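Encoded as structure tokens, the structure appears first; notes follow it.
Every chain is numbered from 1 and lettered A, B, ... according to where its sequence line falls, protein lines coming before strand lines. Computed from a predicted model, the values in this text were never measured in an experiment.
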Amino acid sequence: MRASKFFIATLKETPSDAEVISHQLMLRAGMIRRAASGLYSWLPLGLKVVRKVEHIIREEMARAGSQEVLMPAVQPAELWQESGRWVEYGPELLRLNDRHGREFCLGPTHEEVITDIVKKELRSYKQLPLNVFQIQTKFRDEIRPRFGVMRSREFIMKDAYSFHIDEDSLKDTYQEMFDAYVRIFDRLGLDYRPVIADNGSIGGSGSHEFHVLASSGEDDIAFSNQSDYAANIETAEALAPTTAKSEATQALIIKDTPNAKTIAALVEQFDIAIEKTVKTLIVEADEDCDFELVALLVRGDHELNELKAEKLPQVKAPLVFATEEQLKNNIGAGAGSLGPIDLDMPIIIDRSVATMSDFSAGANVDDKHYFGINWERDLAIPEIADLRNVQEGDLSPCGNGTLSIKRGIEVGHVFQLGTKYSEAMNANVLDQNGKAKSMHMGCYGIGVTRAVAASIEQNNDANGIIWPKNLAPFEIALVPINYDKADTVKQTTDALYDELIAAGIDVFLDDRKERPGVKFADMELMGMPHRLVISDRGIKAGTFEYKGRTDEEKQEITTQGACNFLIEKIRA
RNA sequence: CGGGGCGUAGCGCAGUCUGGUAGCGCACUUGUCUGGGGGACAAGGGGUCGCAGGUUCGAAUCCUGCCGUUCCGACCA
């Protein structure tokens, strides 16, 4: 490709509304342009990268026995009503009406459509398992699109769906898909980790997310420093403390604490360790519970894990925190002065709270706190559960090592759906005994466009993008100096260009009438992995100048073996 | 949805407080020079100052409403 014919749209300055580095560089390199919030056009440079990602995914999916299909982006409401998600999904599902007033939605995912197809076509267990995938644009009406294509409303996703006669078959395919994902993300050149993930409301047994490690990620991932254990913080188990509860040494006293509305203020004003304080969080109770509210206690320096809380039978899901008004009516004190003593509602305490002694908490009277609280002595020990987020330094739930926490970008998710959709939509086949059985399903997603952004997030420097070999939009850039003026430069460059093309290399020839500095800057911004400078001066000396994108130094190579040298570099 | 910021040339911004001829840098066009890291000089083109209404002799500037966008939070997976 010649630069003079290519849609180059590089920007010297960083657009002010781009926050993260990948978004900035994608705009600056001319990969994408914004059409509206969360909606982006892909320019030729960006699309080439998207296609490379898709290509790798297609190859590996095929190798894993999945077949490609294409499904409608606009989907009939009936299918979503059948699965129950027309009601469940909420405002993220963009609904629309056609000219006849019939209801549709823009597909945020395609379980309903594929399940409908499969149930109509498959009759027998002999036709299972079946694994199909699609790569296409999906739409989720995100409340807050951000970070460019990392969290956009319209995005390209690969989704695979598998169908099985039983759970064992599902587990086999799940493992195959997991392995395929490892191959895909390896080939994409990403620094990633498969992590144990939450199954959400669907339940079932298995789910892993694939996270690219990057500080701009929106998820917290907990890792063991001594094993392969990695889990989304949402789901990582916080183990009970190994140290036994200490004996009570302090008397229970109540003090006026008018200026201590928060744990931080309490710790500072009364000079106590934060580990000796307890946070009391009041949430709405489940409908089946006899009380309106439930109290959840975590240590002062710990954070409530809302997902864990929601799973408790006493707690309403999704989690709703009590309003100040509910607190006044039920307890008579505000949020800053709550505690477990004389609290008339179910109380559930975190494992680490259960081993505390001589601790402080609110007195359920405004501006008063108890100090020196001890379980058993001052009040009976309530129900104990794992309620908190794990923290840096906690023991790993796998039993080996301690946890560290890093940010991750979720680029893939493999999920055992079980029979949620097949039951709701009556997707049955006959088993060996001639009995109808709901098919077991799995789904396996990869955020294609998000993976592109994630790659840039991990691979960049002050000059721009550094593409890994398999994602680079072009394999090499030829940068002639005075291409338009010096005949020998033009002839030499054209000859080398033709030779590389004939060898099957995707070459970018910067034949623009620009000064060298402009070309160098653009080539680096766009992330060309290899660069060859062709100049009059060099030709006379019988050399070209080569530089890899991440090389410190340029090197002179002879014009003679240049083509082979470059091919070797490119294929290395 | 709650809170904050921003909306002036393609991009980045100043001007708004204190109303009075709409500016700067980059980019773009033409010419000359230059020619290995976003070059110099000269001459140009490009704006209903987000939209609507109001106050005023006069509004980018003050007031009201709306829209867009962005950040933080909540929400979602």
Side-chain angles (χ1 to χ4, degrees), chain A residues 8-20 23-24 27-28 30 33-39 85 88-94 108-109 111 138-148 150-151 153 155 157 159 195 197-202 207-211 216-219 232-235 306-307 310 317-321 323 408-415 417 443 445-447 450 462-464 479-486 489 510 512-526 531-539 541 543-545 547 554 556:
Chain A
I8 294 178
T10 53
L11 300 172
K12 198 186 285 188
E13 290 177 273
T14 303
S16 58
D17 51 4
E19 188 76 1
V20 297
H23 187 198
Q24 294 173 357
L27 289 167
R28 286 227 292 137
R33 285 294 182 264
R34 198 182 65 90
S37 178
L39 304 176
R85 291 209 292 180
E88 280 172 27
Y89 214 95
E92 253 186 45
L93 186 66
L94 184 65
T109 174
E111 279 88 0
K138 310 215 172 189
F139 189 95
R140 292 182 193 168
D141 201 356
E142 292 280 349
I143 293 178
R144 184 145 102 81
R146 63 189 124 174
F147 303 156
M150 205 113 90
R151 181 169 288 265
R153 293 194 289 177
F155 54 97
M157 192 164 167
D159 247 336
V195 311
D198 179 59
N199 290 52
S201 50
I202 293 169
S207 170
H208 285 84
E209 291 167 351
F210 287 75
H211 279 264
S216 57
E218 298 184 84
D219 289 275
N232 194 309
I233 199 165
E234 291 178 337
T235 188
E306 300 193 8
L307 212 63
E310 273 173 19
L319 196 76
V320 184
F321 281 96
T323 60
I409 301 166
E410 183 188 348
V411 290
H413 198 163
V414 291
F415 207 107
L417 288 175
C443 73
I446 292 180
R450 183 183 279 186
N463 294 323
V479 182
I481 290 165
N482 275 335
Y483 182 84
D484 58 312
K485 291 232 177 96
V489 171
D510 197 345
R512 290 176 299 170
K513 253 171 94 170
E514 288 287 354
R515 300 170 66 85
V518 174
K519 296 185 183 186
F520 295 154
D522 276 349
M523 295 307 100
E524 280 160 4
L525 179 57
M526 292 193 273
R531 182 185 84 190
L532 192 78
V533 180
I534 300 117
S535 69
D536 218 0
R537 190 171 86 192
I539 293 168
T543 61
F544 298 133
E545 176 201 288
K547 185 175 175 296
K554 308 158 183 173
E556 301 291 323

Treating primed atoms plus P, OP1 and OP2 as sugar-phosphate and everything else as base, which nucleotides of nucleotides 39-47 of chain B get B, S or - for protein heavy atoms under 4.0 Å? B--------
Contact letters for nucleotides 3-11 of chain B, in which S counts primed atoms plus P, OP1 and OP2 and B counts the base, heavy atoms under 4.0 Å: --------B
Within the 4.0 Å heavy-atom criterion, would you say [X] contacts the bases, only the backbone, or no part of the nucleic acid?
{"X": "A:E209", "answer": "nothing"}
{"X": "A:R33", "answer": "nothing"}
{"X": "A:N482", "answer": "base"}
{"X": "A:V479", "answer": "nothing"}
{"X": "A:E306", "answer": "sugar-phosphate"}
{"X": "A:R537", "answer": "base"}

For B:G20 versus B:C1, give the span between their C1' atoms, rounded off to a whole number of Å.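 B:G20 and B:C1 have their C1' atoms separated by 43 Å.
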Interatomic distance at P, B:U61 relative to B:C51, whole Å: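 10 Å, rounded to whole Å.
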Using both distances under 3.5 Å as the test, list the Watson-Crick or G-U wobble partner of B:A40, or none.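 Base partner found: B:U32.
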Less than 3.5 Å between a donor and an acceptor, one on the side chain of [X] and one on the base of [N], is that the case here?
{"X": "A:E234", "N": "B:A77", "value": "yes"}
{"X": "A:R531", "N": "B:G37", "value": "yes"}
{"X": "A:E514", "N": "B:G38", "value": "no"}

Residues in ring-ring contact (aromatic ring centres under 6.0 Å, His included) with A:Y89, at least two apart?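 Scan of A:Y89 (ring-ring contact (aromatic ring centres under 6.0 Å, His included), adjacent residues dropped) gives A:W80.
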For A:F210, which residues count as a ring-ring contact (aromatic ring centres under 6.0 Å, His included) partner, sequence neighbours excluded?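 Listed in chain order: A:F178, A:Y181, A:F185.
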A:R144 side chain N/O closer than 4.0 Å to the phosphate oxygens (OP1, OP2) of B:A74?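 Indeed not, no polar side-chain atom of A:R144 lies that close.
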For A:N463, all residues meeting side-chain hydrogen bond (donor to acceptor under 3.5 Å, both in side chains), sequence neighbours excluded: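 By the side-chain hydrogen bond (donor to acceptor under 3.5 Å, both in side chains) rule, A:N463 matches no residue at all.
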Sequence-distant partners of A:E514, side-chain hydrogen bond (donor to acceptor under 3.5 Å, both in side chains), two or more places apart: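 Partners of A:E514 under the side-chain hydrogen bond (donor to acceptor under 3.5 Å, both in side chains) test: none.
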Closest nucleotide of RNA chain B for A:A18 versus for A:D219: which of these residues is on the 5' side?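 Here A:A18 is the residue nearer the 5' end.
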